[in-house]
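Ligands are counted one by one from 1 in listed order, and the atoms in each one are counted from 1 as well. As the structure is a prediction and not an experimental result, all values here were calculated from the model.
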Amino acid sequence: MLYSEKVMDHFEHPRNVGEIENADGVGEVGNPTCGDIMRIYLKIDNDIITDVKFKTFGCGSAIASSSMATELIKGKSIKEALELSNKAVVEALDGLPSRKIHCSVLAEEAIKAALVDYYEKNGLELPPEIKDFYKKIININNKILRRILTFLSHSRFQKCYTFL
Ligand code: FES
(Lines give C-alpha, C1' and ligand atoms only; values in the text may rest on other atoms or scores of the structure.)
Protein backbone atom coordinates (compact mmCIF):
# COMPACT_ATOMS: atom_id res chain seq x y z
CA MET A 1 0.00 0.00 0.00
CA LEU A 2 1.31 3.43 -0.95
CA TYR A 3 0.14 5.10 2.27
CA SER A 4 0.31 3.64 5.77
CA GLU A 5 -2.79 3.15 7.89
CA LYS A 6 -1.65 6.02 10.11
CA VAL A 7 -1.37 8.38 7.15
CA MET A 8 -4.86 7.41 6.01
CA ASP A 9 -6.23 7.78 9.55
CA HIS A 10 -4.74 11.26 10.05
CA PHE A 11 -5.86 12.29 6.58
CA GLU A 12 -9.44 11.07 7.04
CA HIS A 13 -9.69 12.10 10.70
CA PRO A 14 -7.25 14.97 11.14
CA ARG A 15 -6.62 16.01 14.74
CA ASN A 16 -6.43 19.64 15.85
CA VAL A 17 -7.98 21.23 12.76
CA GLY A 18 -9.03 24.83 13.22
CA GLU A 19 -7.84 28.16 14.52
CA ILE A 20 -6.95 29.55 17.93
CA GLU A 21 -8.28 32.99 18.65
CA ASN A 22 -5.58 35.26 20.04
CA ALA A 23 -2.96 32.63 19.43
CA ASP A 24 0.43 33.25 21.01
CA GLY A 25 2.15 32.23 17.79
CA VAL A 26 0.98 31.75 14.22
CA GLY A 27 3.15 30.25 11.51
CA GLU A 28 2.42 30.07 7.84
CA VAL A 29 4.57 28.35 5.25
CA GLY A 30 4.13 27.19 1.68
CA ASN A 31 5.84 25.08 -0.89
CA PRO A 32 6.38 27.06 -4.08
CA THR A 33 6.51 23.93 -6.24
CA CYS A 34 3.23 22.26 -5.29
CA GLY A 35 1.52 25.39 -3.94
CA ASP A 36 0.44 23.77 -0.68
CA ILE A 37 0.11 26.01 2.37
CA MET A 38 0.09 25.23 6.06
CA ARG A 39 -0.83 27.46 8.97
CA ILE A 40 -0.19 26.54 12.62
CA TYR A 41 -1.64 28.27 15.68
CA LEU A 42 -0.05 27.88 19.13
CA LYS A 43 -1.25 28.64 22.63
CA ILE A 44 1.72 28.76 24.97
CA ASP A 45 1.65 28.94 28.73
CA ASN A 46 4.82 28.93 30.82
CA ASP A 47 6.86 27.58 27.93
CA ILE A 48 4.41 24.73 27.38
CA ILE A 49 2.32 24.35 24.23
CA THR A 50 -1.08 23.99 25.77
CA ASP A 51 -3.02 24.03 22.51
CA VAL A 52 -2.24 23.78 18.82
CA LYS A 53 -4.43 23.94 15.73
CA PHE A 54 -3.77 23.89 12.02
CA LYS A 55 -5.30 24.75 8.70
CA THR A 56 -3.80 23.22 5.61
CA PHE A 57 -4.56 23.84 1.99
CA GLY A 58 -2.89 20.93 0.36
CA CYS A 59 -2.52 17.26 -0.33
CA GLY A 60 -3.51 14.40 1.97
CA SER A 61 0.07 13.86 3.09
CA ALA A 62 0.29 17.51 4.08
CA ILE A 63 -2.93 17.16 6.08
CA ALA A 64 -1.72 13.93 7.73
CA SER A 65 1.66 15.56 8.48
CA SER A 66 -0.01 18.64 10.00
CA SER A 67 -2.27 16.45 12.10
CA MET A 68 0.56 14.24 13.36
CA ALA A 69 2.93 17.17 13.96
CA THR A 70 0.33 18.96 16.09
CA GLU A 71 -0.21 15.78 18.11
CA LEU A 72 3.55 15.46 18.63
CA ILE A 73 4.00 18.95 20.08
CA LYS A 74 0.80 19.28 22.10
CA GLY A 75 1.67 19.51 25.80
CA LYS A 76 5.39 19.71 25.01
CA SER A 77 7.84 22.47 25.86
CA ILE A 78 8.95 25.07 23.33
CA LYS A 79 12.38 23.46 23.31
CA GLU A 80 10.89 20.07 22.43
CA ALA A 81 8.74 21.64 19.69
CA LEU A 82 11.82 23.33 18.24
CA GLU A 83 13.49 19.94 18.05
CA LEU A 84 10.65 18.33 16.11
CA SER A 85 11.99 17.27 12.73
CA ASN A 86 10.14 16.24 9.62
CA LYS A 87 11.84 12.86 10.05
CA ALA A 88 10.07 12.40 13.39
CA VAL A 89 6.75 13.25 11.72
CA VAL A 90 7.39 10.73 8.94
CA GLU A 91 8.34 8.04 11.46
CA ALA A 92 5.23 8.72 13.54
CA LEU A 93 3.15 8.30 10.38
CA ASP A 94 4.88 4.98 9.62
CA GLY A 95 6.42 6.50 6.53
CA LEU A 96 5.53 8.59 3.52
CA PRO A 97 6.32 7.94 -0.15
CA SER A 98 9.57 9.66 -1.10
CA ARG A 99 7.82 12.16 -3.36
CA LYS A 100 5.70 13.20 -0.33
CA ILE A 101 8.51 13.75 2.17
CA HIS A 102 8.40 17.50 1.49
CA CYS A 103 4.86 17.54 2.96
CA SER A 104 6.34 16.61 6.35
CA VAL A 105 8.99 19.32 5.91
CA LEU A 106 6.16 21.82 5.61
CA ALA A 107 4.82 20.71 9.01
CA GLU A 108 8.22 21.15 10.67
CA GLU A 109 8.60 24.57 9.07
CA ALA A 110 5.09 25.72 10.04
CA ILE A 111 5.76 24.91 13.69
CA LYS A 112 9.08 26.72 13.62
CA ALA A 113 7.45 29.70 11.93
CA ALA A 114 4.77 29.81 14.67
CA LEU A 115 7.50 29.71 17.32
CA VAL A 116 9.37 32.53 15.57
CA ASP A 117 6.14 34.53 15.70
CA TYR A 118 5.83 33.75 19.43
CA TYR A 119 9.38 34.93 20.10
CA GLU A 120 8.84 38.10 18.10
CA LYS A 121 5.50 38.95 19.73
CA ASN A 122 7.11 38.65 23.12
CA GLY A 123 10.26 40.58 22.22
CA LEU A 124 12.42 37.53 22.91
CA GLU A 125 15.65 36.75 21.16
CA LEU A 126 15.38 33.88 18.71
CA PRO A 127 17.24 30.76 19.81
CA PRO A 128 20.26 30.08 17.55
CA GLU A 129 18.70 26.93 16.13
CA ILE A 130 15.90 28.88 14.41
CA LYS A 131 17.80 32.02 13.46
CA ASP A 132 18.98 30.47 10.20
CA PHE A 133 15.55 29.01 9.56
CA TYR A 134 14.03 32.44 10.02
CA LYS A 135 16.31 34.04 7.47
CA LYS A 136 15.98 31.27 4.91
CA ILE A 137 12.34 30.22 5.10
CA ILE A 138 10.33 33.16 6.37
CA ASN A 139 11.63 35.60 3.82
CA ILE A 140 11.05 33.22 0.92
CA ASN A 141 7.60 32.31 2.13
CA ASN A 142 6.51 35.87 2.71
CA LYS A 143 6.94 36.61 -0.96
CA ILE A 144 5.32 33.42 -2.21
CA LEU A 145 2.50 33.36 0.30
CA ARG A 146 1.35 36.89 -0.33
CA ARG A 147 0.44 35.87 -3.87
CA ILE A 148 -1.16 32.55 -2.94
CA LEU A 149 -3.08 33.97 0.03
CA THR A 150 -4.51 36.74 -2.07
CA PHE A 151 -5.80 34.10 -4.44
CA LEU A 152 -7.24 32.03 -1.59
CA SER A 153 -8.68 34.86 0.43
CA HIS A 154 -12.17 34.38 -0.96
CA SER A 155 -12.34 30.66 -0.36
CA ARG A 156 -10.72 30.82 3.15
CA PHE A 157 -8.49 27.96 4.21
CA GLN A 158 -10.08 24.63 3.44
CA LYS A 159 -8.82 21.12 3.47
CA CYS A 160 -8.22 20.09 -0.08
CA TYR A 161 -8.53 16.44 -0.99
CA THR A 162 -6.04 15.98 -3.75
CA PHE A 163 -4.48 12.94 -2.18
CA LEU A 164 -3.90 10.33 -4.84
FE1 FES B 1 3.26 19.55 -1.62
FE2 FES B 1 2.01 17.69 -0.23
S3 FES B 1 2.83 19.55 0.51
S4 FES B 1 2.32 17.75 -2.38
Side-chain angles (χ1 to χ4, degrees), residues 1-20 23 25-42 49 51-74 76 80-118 129-164:
M1 190 175 164
L2 193 54
Y3 296 101
S4 71
E5 279 179 27
K6 276 197 189 163
V7 172
M8 294 307 294
D9 179 36
H10 279 264
F11 166 56
E12 289 170 349
H13 311 286
R15 282 63 148 183
N16 310 309
V17 175
E19 292 178 27
I20 296 176
V26 181
E28 211 170 65
V29 293
N31 182 300
T33 308
C34 65
D36 289 359
I37 304 173
M38 204 176 280
R39 187 183 290 169
I40 297 265
Y41 302 82
L42 298 175
I49 296 168
D51 198 9
V52 49
K53 298 266 188 253
F54 78 90
K55 285 201 163 182
T56 293
F57 177 88
C59 72
S61 295
I63 291 164
S65 294
S66 318
S67 171
M68 182 56 86
T70 55
E71 285 287 273
L72 290 172
I73 64 164
K74 206 181 210 178
K76 299 282 169 60
E80 286 170 308
L82 278 172
E83 286 166 0
L84 182 79
S85 66
N86 80 295
K87 198 166 170 270
V89 174
V90 172
E91 279 171 12
L93 287 170
D94 290 339
L96 281 173
S98 55
R99 69 189 170 87
K100 292 289 182 179
I101 294 295
H102 76 275
C103 314
S104 64
V105 173
L106 218 51
E108 178 192 332
E109 290 177 350
I111 287 168
K112 285 193 167 70
L115 289 167
V116 166
D117 185 49
Y118 169 76
E129 58 263 48
I130 50 171
K131 265 189 182 157
D132 288 345
F133 162 84
Y134 178 76
K135 280 188 219 140
K136 194 177 89 188
I137 303 294
I138 301 291
N139 289 336
I140 294 169
N141 273 296
N142 275 349
K143 286 182 201 150
I144 299 162
L145 288 173
R146 284 305 142 248
R147 276 187 287 155
I148 300 172
L149 289 173
T150 303
F151 173 73
L152 291 173
S153 60
H154 296 296
S155 58
R156 303 172 65 104
F157 263 64
Q158 302 272 337
K159 282 191 295 171
C160 180
Y161 298 96
T162 54
F163 195 38
L164 300 173

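Residues T70 and N16 have side chains that bring a donor and an acceptor to within less than 3.5 angstrom of each other.
Annotation: ligand 1 has protein neighbours C34, D36, C59, A62, K100, H102, C103, L106, each with a heavy atom less than 4.0 angstrom from the ligand.
The salt bridge (Lys or Arg N to Asp or Glu O under 4.0 Å) check on E80 picks up nothing, with sequence neighbours excluded. Residues satisfying the side-chain hydrogen bond (donor to acceptor under 3.5 Å, both in side chains) test with K53, not counting sequence neighbours, are none. Residues that satisfy the side-chain hydrogen bond (donor to acceptor under 3.5 Å, both in side chains) test with K6, not counting sequence neighbours, are absent from this structure.
Closest heavy-atom contact between H10 and I63: O-CG2, 4.2 Å.
Evaluated for a side-chain contact (heavy atoms from CB on, under 4.5 Å) with E108, the options N86, L84, V29 yield exactly one hit, N86.
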